[in-house]
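Note that the structure is a prediction, hence the values are computed from the model and not measured. Computed from heavy atoms alone, side chains included, the values below leave out hydrogens, waters and symmetry copies.
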Amino acid sequence: MQNIELYKSIDSGFDAAFFNSKLTNIFRRLKVCASDGKMEEMQPYLTEGFYEKVSSDISELAAKGKLIYTDRITVLGSQLIGFEQSDDFDFIFADIRCRIVEYVIDVKSKKKVSGDDSENFVTYRVTFKRPKGTMTVRSSGLTAQNCPYCGATVNINRTTRCEYCGRILNTDVFDWLLDDSVIS
């Protein structure tokens with residue numbers, strides 16, 4: 001793994017502080033959306049594989065009448081650890097420290113079935129990726145494009161659903177996507 005400071009020589013527009021802010025916002029939204037069962041809102045910010053994994057985990061719990069309950073999530077800080085490059089992608093690794101209450105409940109009874117209902121201090125190692133050679137352009141992370149099916153304007157990072165015709169749209173030109181998150 002290479003020092004994150006060297007990434008600026010690959011992408012002159014890369015700003016570590018801006019990226020840190022962005023990654024903590026995406027991570028916090030991921031936790032809230034997973035708890036609310038609204039993972040589709042996160043699809044534009046996650047790689048296809050990670051989105052499928054998280055959605056599958058949530059669906060498996062839902063099939064058993066359970067859901068992940070997340071409360072009082074506070075991101076205490078984040079640190080960019082470094083980066084790597086493959087033939088096709090750039091990867092950035094970061095640690096996110098947070099205080100969180102997270103456990104599994106039974107949907108009907110609303111009772112805890114597993115996990116700890118007290119606040120815990122947890123560090124997650126997250127991985128973001130984007131196509132190699134992509135340069136940073138300061139934006140909200142979403143790009144306005146037109147739906148190829150109905151012509152409506154849509155905001156897209158990697159994938160989204162057109163709010164007018166309902167079709168799923170994908171693009172190969174995208175910004176950083178959350179590719180993995182594990183407790184470290």
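At a threshold of 4.5 Å between side-chain heavy atoms, the hydrophobic network of Ile, Leu, Val, Met, Phe, Trp and Tyr places Ile183 and Leu30 in one connected group. By the rule that hydrophobic residues join a cluster once side-chain heavy atoms approach within less than 4.5 Å of another member, Val75 and Met42 end up as members of one cluster.
Note that CD1 of Ile73 is 13.0 Å distant from CZ of Arg29, once rounded to the nearest 0.5 Å. For the atom pair CD of Glu52 and CE of Met39, the computed distance is 10.0 Å after rounding to the nearest 0.5 Å. Atom-to-atom distance recorded for Glu41:CD and Cys33:SG is 4.5 Å, nearest 0.5 angstrom. Annotation: the span from Leu23 atom CG to Ser78 atom OG amounts to 4.5 Å, rounded to 0.5 Å. Atom CD1 of Ile92 and atom CG of Leu178 lie 12.5 Å apart (nearest 0.5 Å).
With sequence neighbours excluded, no residue satisfies side chain to side chain contact (heavy atoms under 4.5 Å, CB included) with Ser12. Looking at residues two or more places apart in sequence or on another chain, you find a salt bridge (Lys or Arg N to Asp or Glu O under 4.0 Å) between Lys31 and Glu102. Residues passing the side chain to side chain donor-acceptor pair (under 3.5 Å) test with Arg125, sequence neighbours excluded: Asp95. Under the salt bridge (Lys or Arg N to Asp or Glu O under 4.0 Å) criterion, Arg99 pairs with Glu119, not counting sequence neighbours. Scanning for salt bridge (Lys or Arg N to Asp or Glu O under 4.0 Å) contacts around Asp36 gives an empty result, with sequence neighbours left out. Every residue was checked against the ring-ring contact (aromatic ring centres under 6.0 Å, His included) condition with Phe91, not counting sequence neighbours, and none meets it. Looking at residues two or more places apart in sequence or on another chain, you find no salt bridge (Lys or Arg N to Asp or Glu O under 4.0 Å) involving Arg97. Residues passing the ring-ring contact (aromatic ring centres under 6.0 Å, His included) test with Phe27 are Tyr124, sequence neighbours excluded.
Between Gly13 and Lys8 the shortest heavy-atom distance is C-NZ, 4.4 Å. Residue Thr70 comes nearest to Ser35 through the heavy atom pair N-OG, 3.1 Å, listed as atom of the first residue, atom of the second, then distance. Residues Thr134 and Arg130 come closest through the heavy atom pair O-NH2, 2.8 Å. Of all heavy-atom pairs spanning Pro44 and Leu177, the tightest one is O-CD2, 3.2 Å. Closest approach of Ser9 to Leu6, counting heavy atoms only: OG-O, 2.6 Å.
Side-chain atoms of Thr74 and Arg72, non-hydrogen and from C-beta on, never get closer than 4.5 Å to each other. In this structure, Phe83 and Ile10 have side chains that are in contact, with non-hydrogen atoms separated by less than 4.5 Å.
In this structure a side-chain-to-backbone donor-acceptor pair under 3.5 Å is present from Asp116 to Ser118. Lys111 contributes no side-chain N or O that, together with a main-chain N or O of Asp106, makes up a donor-acceptor pair within less than 3.5 Å. Between the Asp11 side chain and the Thr136 main chain, a donor and an acceptor come within less than 3.5 Å of each other.
Residue pairs meeting the salt bridge (Lys or Arg N to Asp or Glu O under 4.0 Å) criterion with at least one member in residues 74-93, sequence neighbours excluded, do not occur.
For the pairing with Phe128, the ring pair (Phe, Tyr, Trp, His ring centres under 6.0 Å) check across Phe93, Phe19, Phe50 returns one residue only, Phe19.
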Considering only distance and modelled atom types, tabulate donor-acceptor pairs under 3.5 Å from the side chains of residues 55-64, sequence neighbours left out.
from: Ser55; atom 1: OG; to: Tyr51; atom 2: O; distance (Å): 2.9
from: Asp57; atom 1: OD2; to: Lys53; atom 2: NZ; distance (Å): 3.3
from: Ser59; atom 1: OG; to: Ser55; atom 2: O; distance (Å): 3.0

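Residues Phe121 make up the rest of the hydrophobic cluster containing Leu76, defined by ILVMFWY side-chain heavy atoms closer than 4.5 Å, directly or through other members. Residue Ile105 belongs to a hydrophobic cluster whose other members are Leu67, Tyr69, Val101, Tyr103, Val107, with links defined by side-chain heavy atoms closer than 4.5 Å.
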Practice task
For the pair Trp176 and Ile26, evaluate side-chain contact (heavy atoms from CB on, under 4.5 Å) and give the outcome as yes or no after the intermediate values.
Solution key: CA-CA 11 Å; Trp176 293 103; Ile26 289 172; over 6 Å; no
